[in-house]
Amino acid sequence: MTALIVHRAGPGVTVQDLGRPGHLAQGLSRGGAMDRLALYEGAALLGQAPELAVLEMVGMGGEFEADAPLRIALTGAPMKATFDGAPLIWNASHHMPAGSRLSIGGVIEGAVGYLHVGGGFDTDVRLGARAAQLNAGLGGPVEGGTHLPVGTDRQGATGMVLDVADRFSGGRLRILPSVQTGFFDEDTRARLEATAFQRDPRSNRMALRLAMDGEGFALEGGLTVVSEVIVPGDIQITGDGVPVILMAECQTMGGYPRIATVLPADLPRAAQTPPGAPLSLDFITPDEGLAAERADLAARNALRSNVRPLVRDPRDIPDLLSYHLADGAISGHEEEHQ
């Protein structure tokens, strides 16, 4: 079976897919990729299903070798990437020859990058998914020396690129009222919208902690709230008044009061906000939320139609002279001699 050989991997490299819904009653959250939009983008670039497994790279990539020719795509947070020393374009698909080395360094912007292969990674299926979920003991981090099996590729074009909107530098997160929003008075809710937040470096796949200056948002009696089901996007207010956005690997039950919920369409932006980058929270109406979700679905469905051929700039090809760029050259005066 074709495999991608891992020579080196950063500590945050795991196999991920769209996760395993349907297990909340057993205490297992959906999990899966932090930036689900990136999986749809990679699927569009390679002409395959977004459910296929990919490599998620938090902060740092690694060094990889193909033991047979592969099609690959790079999405999510842009990272420095090279094939045998030659630079690669991000948000694009590429042909990876057998024996070639793919090196992926640290993030240039954003937080989480993704490596896709044609056919997806054919690792073990656990509870209906291939996604690693470390806090549940499902799978583990990818380590050097691993041979990641690759599924059957239906083949297709490479050298394709996709223009994506910036979601890698923080910004505005749209939020909706949640179960306990009414427990917080109007002044507190207004102050939540007016506060300038930053991503706390202690954030992880379970939760994005929001750092801020000034007074917190602690609710009197907040610690007496009965524990109930929680989902990614819920914003809990901890005992010290800090807002925490629950992410892909959050717990399934929680007792901290929820002041709001991030719109699902904005969770990729939350996931891609790098440490220290600014974030703001903005309440919208349910009707506005439904309209935004419909627009997000339409944009995902249109991704394949927005893929276009990648035109390389010769200045980006360090070994340009090694390419066979012309054949059968003529002088331009052939007709004069006929």
Side-chain angles (χ1 to χ4, degrees), residues 2-20 30-39 41-43 45-46 50-67 70-83 88 90-94 96 100-126 129-151 168 201-206 208 247-249 268 271-275:
T2 300
L4 184 75
I5 303 168
V6 182
H7 291 283
R8 174 180 54 82
V13 177
T14 56
V15 174
Q16 295 295 338
D17 54 22
L18 293 177
R20 43 179 67 83
R30 181 192 69 206
M34 290 280 284
D35 181 356
R36 294 163 66 84
L37 178 55
L39 271 62
E41 292 167 345
L45 286 164
L46 293 175
E51 291 81 9
L52 295 179
V54 305
L55 278 191
E56 180 176 271
M57 303 171 289
V58 180
M60 177 68 68
E63 187 169 347
F64 312 95
E65 178 184 350
D67 70 354
L70 292 176
R71 294 189 309 138
I72 69 165
L74 302 167
T75 67
M79 309 170 92
K80 183 178 180 181
T82 61
F83 263 159
L88 286 179
W90 207 261
N91 292 316
S93 61
H94 306 275
M96 186 172 180
S100 62
R101 290 288 186 102
L102 169 64
S103 296
I104 302 178
V107 291
I108 298 171
E109 55 181 343
V112 189
Y114 293 88
L115 169 61
H116 311 248
V117 295
F121 291 105
D122 194 18
T123 54
D124 293 339
V125 175
R126 298 181 175 91
R130 292 183 168 86
Q133 199 156 344
L134 305 188
N135 62 356
L138 297 171
V142 172
E143 299 178 341
T146 302
H147 288 227
L148 291 171
V150 175
F168 308 107
R202 291 172 289 178
S203 303
N204 53 34
R205 282 181 49 84
M206 293 183 65
L208 191 162
M247 301 302 287
E249 256 180 65
Q272 290 291 5
T273 299

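All values derive from a computational prediction rather than experimental measurement.
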Q | M206 side, atom CE; N135 side, atom CG - distance, nearest 0.5 Å | A | 5.5 Å

Q) Does the pair F83 and I72 meet the rule for a side-chain contact (heavy atoms from CB on, under 4.5 Å), with working shown? A) CA-CA 12 Å; F83 263 159; I72 69 165; 3.7 Å; yes

Q | E143 (side chain) donor-acceptor with A9 (main chain) under 3.5 angstrom | A | no

Q | For T75 against H116, the heavy-atom pair lying closest together | A | OG1-NE2, 2.7 Å

Q) Does the side chain of F168 reach to within under 4.5 Å of the side chain of I108, using non-hydrogen atoms? A) no

Q.
I need the minimum non-hydrogen distance between P274 and G110, along with the two atoms involved.
A. CB-O, 3.5 Å

Q. Could you state the interatomic distance from CG (L74) to CG (N91), rounded to the nearest 0.5 Å?
A. 8.5 Å

Q | Intermediate values then yes/no, side-chain contact (heavy atoms from CB on, under 4.5 Å), V13 and V6 | A | CA-CA 11 Å; V13 177; V6 182; over 6 Å; no

**Q.** Closest heavy-atom pair and its distance - G32, A131
**A.** CA-CB, 4.0 Å

Q: State the CZ-CD distance between R8 and E65, to the nearest 0.5 angstrom.
A: 13.5 Å

Q) Which atom pair, heavy atoms only, marks the closest approach of S93 to L46? A) CB-CD2, 4.0 Å

Q.
More than 12 heavy atoms of other residues, nucleotides or ligands under 6.0 Å from CD of E109: yes or no?
A. yes

Q) Quick one: CD on E63 to CD1 on I104, what's the gap to the nearest 0.5 Å? A) 10.5 Å

Q | For the student: nearest non-hydrogen atoms of P268 and L37, plus distance | A | CG-CB, 4.0 Å

Q.
Please find the pair of heavy atoms, one from E56 and one from M34, that lie closest to each other, and give the distance.
A. OE1-N, 2.9 Å

Q. Side chains of F121 and V142: does their closest heavy-atom pair fall under 4.5 Å?
A. no

Q.
When you compare the side chain of L55 with that of L148, does any pair of heavy atoms fall below 4.5 Å?
A. yes

Q.
Less than 4.5 Å apart, side chain to side chain, heavy atoms only: is that true for L4 and M96?
A. yes

Q) Does the side chain of V112 reach to within under 4.5 Å of the side chain of Q272, using non-hydrogen atoms? A) yes

Q) Are any side-chain N or O atoms of R20 and backbone N or O atoms of A129, one a donor and one an acceptor, separated by less than 3.5 Å? A) yes

Q) In Å, rounded to the nearest 0.5 Å, how long is the span from CZ of R101 to OG1 of T82? A) 11.0 Å

Q: Ignoring hydrogens and angles, tell me if any N or O in the side chain of D17 forms a donor-acceptor pair with the backbone of R130 under 3.5 Å.
A: yes

Q.
A side-chain contact here means heavy atoms from C-beta on lying under 4.5 Å apart; do M247 and R205 qualify?
A. no

Q. Under 3.5 Å, is there a donor-acceptor pair between the side chain of Y114 and the main chain of D35?
A. yes

Q: Output yes when a side-chain donor or acceptor of W90 lies under 3.5 Å from a complementary backbone atom of G76, and no otherwise.
A: yes

